[in-house]
Amino acid sequence: VMDSLSNPKKPTNQEPIQNQNQSSTTPQKNAYARLLSQHNSSKFSLYLKQHMADTMSQIEELMPSPQIKVQNDVQNVSLKKGDPVLSSFSDSADDSSYPQKSNGEASSLRDTTTSYDGDVESGEELHLLKCNQSKKQQKKNKDSQETGTLFGPPQSPKTAVATGQEQKMAKSKKKTQKNSEDATSRQGLSKSAPNSPAHKNKDGKGKKKQVFESYLTLEEVSHGLKRGELIQGQLRINPKNYQIAYIPSPDDTRDIFLDGIVARNRALDGDIVVVQVLPQDQWKVDKHSLVQLSVSVILRYSGVVYIVEKKHSRAATGFLKFVPNKPFAMFSPVDHRVPRINVPLADCPEDFRCRAGDYASTLYICRITNWEANSNFAEGRLMKTLGQAGEIEPETEGILLEYEVDFSEFSDEVLECLPKNLPWSIPPEEIRKRKDLREECIFTIDPATARDLDDALSCKRLPDGNFEVGVHIADVSYFVEEGGALDIIASQRATSVYLVQKVIPMLPRLLCEELCSLNPLSDRLTLSVIWKVTPEGKILSEWFGRTIIRSCVKLSYDHAQSMIEAPEKMFSAGELPPMDPEHPIDEIHQAVLDLHAIAKNLRAQRFTGGALRLDQLKLAFTLDKESMMPQGCFVYQYRDSNKLVEEFMLLANIATANHIYARFPEVALLRRHPPPKIKMVDELQEFCDQLGIDIDLSSAGALHRSIHATFGDDKYSSARKEVLTHMCSRPMQMALYFCTGAFNKETNFKHYALNVPLYTHFTSPIRRYADVIVHRLLVASLSGYQVQKQASHCNDKKKVSKRVQELSSELFFGVFVKECGPLDSEAMVMGVLDQSFDVLVLRYGVQKRIYCKLIPGLVSFRHHKVGKKSELVLLWAAEDLEEPPVEQVIALFTLVEVQLKVDGTAMKYGAVLKRPEESKC
C-alpha cells in the first residue's frame, strides 16, 4: 500500500528520427567551397578538393544517414523543430538552476521525491556541471551536426572523420592531434573512421589506434585503493548530457567529476568503478568553469582504470542502421549514455541489407558482448525484435528487458512450492500458535484498483479513554520457505514493479492476490504490531506477534476520505463495498475517524520533532479497460486518507526497526537515509539567500518548516512551492537498505528525512523482499553476510523499479499527448540556463526544457546574470512589423504559457513556449 503511489515522472527529451532525404554532405561542401573561393594557391586548392572528395567518400561509406544542419549563431540558431540541444549549445551551467562551485568535483543535482513510506529518495541525476571545454572546442561543437544516427546530439563531419591527408597535414605542422572525447559523438564516433589511414600506425600495419586506456590489474587496484591513489564509487552519467559523468567522493560530501567519454573507459551508468587520482603536478584548472562559476575547477582525476562490478545490464533498446560494405549493422541506442554497437548482419532480418528502410521504425533490444580498447564502438548481439516503435507494448517490453526486470512466468519448480489443496485454509496447528483476532474490527485502505493487500488497520476504544491501535501485515514468510525455489526467485526479483497498465509481481499471483492478500471476509495469517495509544498519539505500550485476522471490508482511499470529510453522515450499504455483517458501518466509520485523529497528532509530532517531507506532483492515468490506452490524466491528490495510512505504516516500521535491532544487533536489516551533500546544500543556501528566498537548510526539520511557509497568497503560491521543493530535493541522497553488522557507528544508521535513529521496511512483504527478511528476523537470525548481500541487491532492484515506473508513466503520457494533444497549460520556470530554461507544466505536473533557439517567432535572446541570479531576455517579433520587438524576461518563478505537442518522434513530446500577450510583457 505504502509505495503503490508512484513518484512524479520526469520525461526526457530525445531526438527525432531524421528525414531520410536530408543531405549529409551540404555543410562540408559549403565549407570547402568557401575556402576554395578565398584561397589562390593552386596546390592548396588541389589539396582541398582531394581532401573533400576523400572525406565525402568516407562519410557516404560509413554514415549514409541524414544529418542536421546547424547554423553557428549564438543568438539565433536555426534548427529543426524538436531537435535536442545538448553539449553543442553549451548551456554554461548545464542543468542546474543555481550556480555550483567545485574543487575538482562537480555537484550532482537530482530530482527527488518523498516516497509513500517516508523516504526522501533521489531519482536519476538530471543536472550537473557542463562538460569542460575550451573556447575553441566550444566553437567546434556549435558547428557540429549529427553523423549518421537515428538518435544522438549533432556532430560535425569534420570531427567525425579524419583522413590520411589530415594526418599528413598535422604531421607537417608538428602538431599532435588531441585524443579528445569531445570530438566523439554519442560515445560511438572517433576522430577517424575504423578503416581510414588515421587508424594505421606509423609502420603502416593497419593496427587500430588505442582509444581507451587498458585496465589495471586487480592487484594494482587493491594496492592503489590502500594507498589512496585510487577511489572507488558508482558511476552516474547525466541523462541530458552523456559527456558528463561523476562518482561520489569517499566522504560522500560532493561528487567527483569525470571529464568526457574517454575518461569513463567503457564503463556504463551504474557500474562500480575505480578512478585514478593524478599527481598534483598534473592537476589542471578548467578556465571555462572559472569564467562560468567564478571558482577554479581543478581536475585531479584521470578517469576509470578498473570496473569492479558491471551493474548496467549492457542491454539497450534502439534502432538498426545499414552500413554499406560492412559485415555488421550499426545499432543506435535510444539512451544516449550507451555507445553505438556493431551488430553482425546475421542477427538482422534476412532482407535488411536490401530493404533497410523498411526497418527504420522497428524497435530492437541489443546486448553488448564486448568493447575493445581500440574501438569507439561496442560489439553486441540482437536479443529480440520488439515491434513498432511508438506502440505501448513493444516500448514497455523494451524498458523491462533493458533494465533486466524479470517478467517471465514462474517456473514449475517455483509453483511446486505453493499450497496444493485449494481452496487453502489455515491448518489447525497453525491457528493454535497465533493470537486470534478474527473477531476484531480490522479493515484495509488501499487504492481502488489494488489487488495485493498486505496491510490492515484496527482501532478500538478502551474504557480508560485510550485506544488499542493495530497494524497487521500479511505473513508472507509463512509461505516462502527460506532457501526454496520460491524464496530464490523472490530474492532475485526483490520487488514488484508497478507500470501504468500492469504489475510485474515479485511472487506468484496465487500468493500476492489470494493467499497472502488480506482480502475481505477471508482468514489470513499476519504479523501484527499493537499499541496502546493516548488520543494525543503517545505510545503507552507495544506488542509484536503472529496473528490471524479476518478483514471486514476493503476500503479505498476515496471511501476513507468520504468518511473523514463527513464525520456525522450515516453511510448506507450501497455507498460502501461489501462488509462483514458482524461489524456495522457505524463501527467502521468511527474507527476511521479515530485513526484519523490519532494520525494527525502523530504527524504533527513527527514534523515538530524534525522530520522532512518533500512532496512533488505525480501524474496518474485513466485507461480504457479493453485496450489499456490512456483516456485521460490528472495530478494525483494526496489527501487525509493517504496521510492516515502513511502515519501508521511509518510507526510500525520504526517500531519494528527498534525491535529487531535490539534482538539481532549484528544482522538486523535496516534502512538508512544519508544527509544531503554538504557542498550542494551550501551552494543552494547561497543561491536562495541572493534571491531573497527565506529558507533554512541547516537540518531536515528546518528545511521542512521553511519550505512549507507560504509563498504568497495568490493561486500560484503552490506552484512556487513546487519549484522550490524541486530545487531543495536535488542535494538529497537515496535511502538504502543495509545490515547493521556492516557499519561500526550507529550514527550511520540514521534516517535523515524521518529524523529517526532506526528505520526499516516491514509493511509490504508481498512486493518487497527486504520486508520478508525483516519478518524472518522477528523470529530467527540470519548470517550477516546473507543480509548485507541481499540488502545491496534490494537497493539495486528498488532503484530499477523506480526508474521503470517513471519510464512507463513517460510512455503513457507521450501516447496521451499524441492522441489528445496539443495540450495547453500554464507553466512556471524552475531553472534558467544560458540558452534554455526548465518549466514545471502546472496542469500535468511534468517538467520540460525549452531551448531558446527552437522557439518559433523569436527574434533573438540574451542571457545575463546578476550575482547568482540567472535571467534570459527573449525578443519576440512584433505582430505589427513597424513596431519594435516584444521583450519577455525569463527568471526563476516566471509564469509562462506552453503547449505540449509531439515532436515527430514516436511517443516523444516537447513543450513549445507560446507568445506572451504584449500587455503582460
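None of these values were measured; they are calculated from a predicted model.
- Of the possible polar contacts, one joining the Arg915 side chain to the Ala877 backbone as a donor-acceptor pair under 3.5 Å is found.
- Between the side chains of Ser729 and His726, no donor-acceptor pair of N or O atoms lies under 3.5 Å.
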Practice prompt. List the steps and the verdict of side chain to side chain contact (heavy atoms under 4.5 Å, CB included) for Tyr498 and Ser808.
Written response: CA-CA 9 Å; Tyr498 290 81; Ser808 178; over 6 Å; no

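- For the salt bridge (Lys or Arg N to Asp or Glu O under 4.0 Å) criterion with Asp269, the lone passing option out of Arg236, Lys799, Arg337 is Arg337.
- A side chain to side chain contact (heavy atoms under 4.5 Å, CB included) with Val829 is found for one member of Val839, Asp838, Val723 and no other, namely Val839.
- Ion pair Lys643/Glu646 not flagged as a salt bridge, since none of the NZ, NE, NH1 or NH2 atoms sits closer than 4.0 Å to an Asp/Glu carboxylate oxygen.
- Thr894 is not listed as a side-chain neighbour of Val889, based on a closest heavy-atom distance of 4.5 Å or more.
- Under the 30°/60° scheme for interplanar angles, the aromatic rings of Tyr242 and His336 are found to be tilted.
- Using modelled atom types, no side-chain atom of Ser556 and backbone atom of Asp446 make a donor-acceptor pair closer than 3.5 Å.
- The shortest heavy-atom contact between Glu871 and Lys869 is OE2-CE, 3.6 Å.
- Gln733 and Tyr752 are not linked by any side-chain donor-acceptor pair at a separation below 3.5 angstrom, with hydrogens and angles left out of the test.
- The main-chain N or O of His863 is never found under 3.5 Å from a side-chain atom of Asp834 such that the two would form a donor-acceptor pair.
- Looking only at distances, a side-chain donor or acceptor of Gln561 sits under 3.5 Å from a matching main-chain atom of Ser641.
- Two rings, from Tyr716 and Phe893, have their centers 6.0 Å or more apart.
- Between the side chain of Lys618 and the main chain of Tyr638, no donor-acceptor pair closer than 3.5 Å is present.
- The existence of a salt bridge linking Glu393 and Lys502 is confirmed by a sub-4.0 Å separation between a basic side-chain nitrogen and an acidic carboxylate oxygen.
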